[in-house]
Student: 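Before I ask anything, let me first share the structure, which is written out below as structure tokens.
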Amino acid sequence: MANEIVIAQTTIDTEDQARELARGAVESKLAAGVHIDGPITAVYWWKNDVETAREWRISYMTTTDRLPQLEVWLSERHPYAVPQWITLPVTGGSEAYLSWVVEGTTRD
């Protein structure tokens, strides 16, 4: 398979924003599919204090080819000063699913 599959993740503080970021990425073919998990509890350092927040995790199924565009697209829309942005390599999976991800992120 020419494209490598990755899962890119971020978090956001409302379910509505998570749905908007999920739908927009799929409509733009930056991700073939998106999972939204939440609410989850985040505990983290911010400006010398330990903070606790309720968030929703957004997991984008995409390819390494589309990942740079997805990152730019998300950074233009994400309200956090320092949003979480991590990518996880997909090291296996069904050929049918992996092909679906590639097809879902291929521009017309």
Side-chain angles (χ1 to χ4, degrees):
M1 185 166 296
N3 291 297
E4 291 184 32
I5 308 301
V6 295
I7 298 172
Q9 291 185 331
T10 192
T11 56
I12 196 84
D13 59 358
T14 72
E15 185 176 8
D16 287 342
Q17 287 176 318
R19 288 177 183 269
E20 288 176 26
L21 291 174
R23 186 171 188 85
V26 172
E27 287 175 343
S28 301
K29 293 197 161 214
L30 296 170
V34 179
H35 290 155
I36 300 170
D37 302 311
I40 59 174
T41 301
V43 180
Y44 54 93
W45 279 104
W46 184 249
K47 298 185 179 181
N48 297 319
D49 286 318
V50 175
E51 300 284 339
T52 303
R54 186 167 115 155
E55 294 183 315
W56 279 257
R57 180 182 302 118
I58 309 166
S59 299
Y60 298 94
M61 277 60 78
T62 192
T63 62
T64 53
D65 287 350
R66 295 298 275 156
L67 187 60
Q69 294 96 344
L70 176 59
E71 184 174 8
V72 169
W73 180 89
L74 184 76
S75 68
E76 292 171 349
R77 288 159 180 79
H78 205 295
Y80 288 8
V82 182
Q84 175 192 356
W85 183 252
I86 61 169
T87 59
L88 308 166
V90 174
T91 60
S94 74
E95 189 62 34
Y97 182 79
L98 300 177
S99 294
W100 173 81
V101 172
V102 171
E103 290 169 17
T105 56
T106 301
R107 290 175 260 174
D108 296 329

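Positions are given from 1, in the same order as the sequence printed here.
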Student: Do T62 and L30 come within less than 4.5 Å of each other through their side chains, counting heavy atoms only?
Tutor: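 When only atoms from C-beta onward are counted, L30 and T62 do not touch, as no gap falls below 4.5 Å.
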Student: Taking only residues two or more places apart in sequence, or in another chain, which ones meet E27 in a salt bridge (Lys or Arg N to Asp or Glu O under 4.0 Å)?
Tutor: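 For E27, the residues satisfying salt bridge (Lys or Arg N to Asp or Glu O under 4.0 Å) (neighbours in sequence not counted) are R23.
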Student: Check whether any side-chain heavy atom of Y60 lies under 4.5 Å from a side-chain heavy atom of I7, and answer yes or no.
Tutor: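 No, too far: nothing below the 4.5 Å cut-off.
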Student: For residues 75-89, please give each side-chain donor-acceptor pair under 3.5 Å, one per line with the distance, not counting sequence neighbours.
Tutor:
from	atom 1	to	atom 2	distance (Å)
S75	OG	E71	O	3.3
S75	OG	V72	O	2.9
R77	NH1	W73	O	2.9
H78	ND1	Y80	N	3.1
H78	NE2	T10	OG1	3.4
H78	NE2	T11	O	2.8
Y80	OH	D13	N	3.0
Y80	OH	E55	OE2	2.9

Student: Sequence neighbours left out, what passes salt bridge (Lys or Arg N to Asp or Glu O under 4.0 Å) with R54? Give chain and number order.
Tutor: none
Student: Given side chains that start at C-beta, do those of T63 and I5 come closer than 4.5 Å, heavy atoms only?
Tutor: yes
Student: Which value, rounded to the nearest 0.5 Å, describes the distance between L70 atom CG and K29 atom NZ?
Tutor: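 Going from the CG atom of L70 to the NZ atom of K29 covers 15.0 Å.
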Student: For W56 versus A18, what's the shortest heavy-atom pair and its separation?
Tutor: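 For W56 versus A18, the nearest heavy atoms are CB-CB, 4.0 Å.
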Student: Under the side chain to side chain contact (heavy atoms under 4.5 Å, CB included) test, which residues partner T52, sequence neighbours left out?
Tutor: T41, V43
Student: Taking only residues two or more places apart in sequence or in another chain, which ones pass side chain to side chain contact (heavy atoms under 4.5 Å, CB included) with V26?
Tutor: V34
Student: Whether the T106 and E103 side chains hold a donor-acceptor pair (N or O, under 3.5 Å, no angle test) is what I'd like checked.
Tutor: no
Student: Before giving the answer on side chain to side chain contact (heavy atoms under 4.5 Å, CB included), spell out for R19 and I36 the whole-Å C-alpha distance, their side-chain angles and the decisive distance to 0.1 Å.
Tutor: CA-CA 8 Å; R19 288 177 183 269; I36 300 170; 4.1 Å; yes
Student: Do V90 and V102 share a hydrophobic cluster, counting only Ile, Leu, Val, Met, Phe, Trp and Tyr and linking them when any side-chain heavy atoms are less than 4.5 Å apart?
Tutor: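 Linked within one cluster.
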Student: If every non-hydrogen atom of G104 is compared with every non-hydrogen atom of A32, which pair is closest and at what distance?
Tutor: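 Heavy atoms of G104 and A32 come nearest at CA-CB, 4.0 Å.
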Student: By ring pair (Phe, Tyr, Trp, His ring centres under 6.0 Å), which residues pair with Y44, not counting sequence neighbours?
Tutor: none
Student: If you define the side chain from C-beta out and look only at heavy atoms, does anything of L21 sit under 4.5 Å from L74?
Tutor: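 Touching, per the 4.5 Å side-chain cut-off.
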Student: Working to the nearest 0.5 Å, report the span between CE of M61 and OG1 of T105.
Tutor: 11.5 Å
